[in-house]
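To start, the structure itself, in structure tokens.
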Amino acid sequence: MQRLFVLFERLDWGLLIAAASLVAIGLSIIYGIGISRDPVDLFSFYKQLAALAIGVSIAFALTIIDYRHLRSLSVVIYLVGLVLLISVLIFGKTIRGTQGWFVFGGFSFQPVEPAKICLAAYLAAFMARHGHGRLSWPSFLRSAAAVGAYVVLVLLQPDFGSAMVMLAVWGAMALFAGLPRFAWLILPIIAAATIGLSWSFVLKPYQKERIIAFVDPAADVRGSGYNAAQARIAIGSGGWLGKGIGEGSQARLRFLPEAATDFIFAVVGEELGFVGIAVTILLFGLLFTRYILTALASGDDFAALLLIGLGATLLVHVVENAGMNLGILPITGIPLPFVSSAASSLVVVWINVGLAQSVAVRRRSASLAHAELHERYSTQ
């Protein structure tokens with residue numbers, strides 16, 4: 001019991017407050033969308049509450065468990081993610097053109113979400129073991145191969161957005177660990193070649209249409225550019241303070257598709273206005289700041305890389321979701337963490353928070369151990 005009190009005192013309350021506040025905003029918007037329907041439909045709201053209960057429970061358990069166990073189990077964790085991505089291609093259900101879901105009764109589960117956590121944990125252990133200030137080219141290419149296996153499986157669903165998230169997280173972690181020599185010259189060439197090959201052989205016609213609509217929004221306003229246009233209308237109509245919960249005409253009258261999931265950021269703008277969007281962005285800023293500060297204070301290369309990977313996963317989701325709602329990035333179907341009505345995403349982001357808290361409550365002891373280790377080797 002005393003140990004639990006000690007852990008409770010060491011919790012990163014700034015991180016918890018930011019996460020809880022974002023969830024509260026999301027639940028309010030989802031509830032407003034539900035009560036604005038005729039007839040009232042609160043199924044998504046109750047499903048989100050159930051996912052919240054599950055996610056917070058897992059986060060609490062992970063806070064108690066020492067995060068350093070993940071390092072020794074990193075290969076097993078990587079294989080678990082690999083099996084999930086392979087299984088969904090065999091047994092998964094296709095929803096909105098993507099075979100990326102397991103469906104159980106009225107609940108659905110998207111394996112790519114926990115796979116992102118598995119990948120970050122594996123890369124953190126791998127780079128901590130092989131980095132030592134800078135990754136060598138062999139180590140860098142081995143990490144790229146590990147990411148590539150996940151990305152190929154995700155593209156087969158196809159889920160271009162999640163594949164890009166994985167690549168971005170790998171890039172952020174490699175940058176933090178230290179890129180190999182001359183990487184700044186070689187990697188842009190590889191990236192350009194990859195983009196060209198993806199356009200020619202990987203992207204589906206509807207994905208190409210989304211990118212074309214992003215480049216030229218006026219090309220097909222009633223077709224591929226419709227969602228982006230409606231999202232911008234919703235955000236612009238909110239003004240400073242918004243129209244109020246459940247009063248957004250774009251969401252209530254269903255002009256805005258996927259209002260509770262992909263385009264919930266636009267609904268926040270319409271119903272809570274510029275102030276609501278600003279508060280949401282500030283809360284995400286607080287969240288990312290706590291991840292970075294905890295990483296720097298951890299005194300443990302593995303913990304720091306893990307938090308960079310976990311934080312980058314959330315950051316890329318936020319940037320992509322907000323960007324596609326504002327019309328400055330292509331539409332990819334990426335949910336807004338903590339806010340969107342996406343049960344599997346909500347559970348996984350709380351797993352993300354639980355791992356961050358596991359590092360936070362142990363950062364003092366980890367720093368002390370690091371100092372003792374440094375002193376031991378410096379005297380030899």
Side-chain angles (χ1 to χ4, degrees), residues 14-56 106-108 226-287 314 317-327 331 333-350 353:
L15 174 59
L16 276 181
I17 290 171
S21 299
L22 288 166
V23 170
I25 291 173
L27 286 172
S28 299
I29 296 298
I30 295 167
Y31 180 81
I33 293 173
I35 62 174
S36 68
R37 302 299 191 201
D38 186 18
V40 172
D41 182 7
L42 293 177
F43 176 76
S44 294
F45 176 75
Y46 291 128
K47 186 171 74 170
Q48 193 79 344
L49 284 178
L52 175 62
I54 295 170
V56 170
F107 292 88
S108 56
Y226 177 82
N227 293 356
Q230 294 301 320
R232 290 195 295 274
I233 291 171
I235 294 172
S237 65
W240 284 97
L241 300 177
K243 300 175 180 178
I245 297 296
E247 297 300 323
S249 57
Q250 293 297 105
R252 187 176 72 249
L253 301 178
R254 305 192 183 188
F255 290 118
L256 182 63
E258 308 297 339
T261 53
D262 298 350
F263 291 97
I264 198 168
F265 185 86
V267 184
V268 171
E270 184 177 28
E271 298 189 351
L272 300 181
F274 175 81
V275 173
I277 286 182
V279 169
T280 301
I281 292 174
L282 286 173
L283 288 170
F284 276 119
L286 173 60
L287 193 81
L314 296 176
H317 273 252
V318 172
V319 171
E320 171 54 28
N321 184 275
M324 73 182 193
N325 275 261
L326 293 168
I331 295 173
I334 291 292
L336 187 63
F338 301 101
V339 183
S340 287
S341 176
S344 54
S345 172
L346 185 60
V347 171
V348 171
V349 294
W350 277 102
V353 169

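In what follows, every heavy atom counts, from backbone to side chain, and hydrogens, waters and symmetry copies are set aside.
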Residue pair [X] / [Y], side-chain heavy-atom distance below 4.5 Å:
X: Ile245; Y: Leu272; value: yes
X: Val267; Y: Ile33; value: yes
X: Met324; Y: Asp262; value: yes
X: Leu346; Y: Gln48; value: yes
X: Leu52; Y: Trp350; value: yes
X: Phe338; Y: Leu287; value: yes

Can you list everything that forms a side-chain contact (heavy atoms from CB on, under 4.5 Å) with [X]? Sequence neighbours excluded, please.
X: Val348; result: Glu113, Pro114, Ile117
X: Leu282; result: none
X: Ala342; result: Pro335, Ser345
X: Ala322; result: Phe265

[X] and [Y]: which non-hydrogen atoms are nearest, and at how many Å?
X: Val347; Y: Ala51; value: CG2-O, 3.5 Å
X: Ala266; Y: Ile235; value: CA-CG1, 3.6 Å
X: Val349; Y: Pro337; value: CG1-CB, 4.0 Å
X: Gly327; Y: Arg232; value: CA-NH1, 3.7 Å

Interatomic distance, Ile264 atom CD1 to Glu271 atom CD [nearest 0.5 angstrom]: 9.0 Å
Could you give the distance from CG (Leu49) to CD1 (Ile54), rounded to the nearest 0.5 Å?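 Taking CG in Leu49 and CD1 in Ile54, the distance rounds to 11.5 Å.
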Quick one: does any side-chain atom of Asn325 pair with a main-chain N or O of Ala231 as donor and acceptor, under 3.5 Å?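 Not confirmed, Asn325 side chain does not pair with Ala231 backbone.
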Can you tell me if Asn321 uses its side chain to pair, donor with acceptor, with the backbone of Ile334 under 3.5 Å? yes
Any residue meeting ring-ring contact (aromatic ring centres under 6.0 Å, His included) with Phe274, in chain and number order, not counting sequence neighbours: Trp240
Which pairs of donor and acceptor atoms, one on a side chain in residues 21-32, lie under 3.5 Å apart (sequence neighbours left out)?
from	atom 1	to	atom 2	distance (Å)
Ser21	OG	Ile17	O	2.7
Ser28	OG	Ala24	O	2.8

Under the side-chain hydrogen bond (donor to acceptor under 3.5 Å, both in side chains) rule, collect the residues that match up with Thr261, sequence neighbours excluded.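 For Thr261 the side-chain hydrogen bond (donor to acceptor under 3.5 Å, both in side chains) partners, ignoring immediate neighbours, are Glu258.
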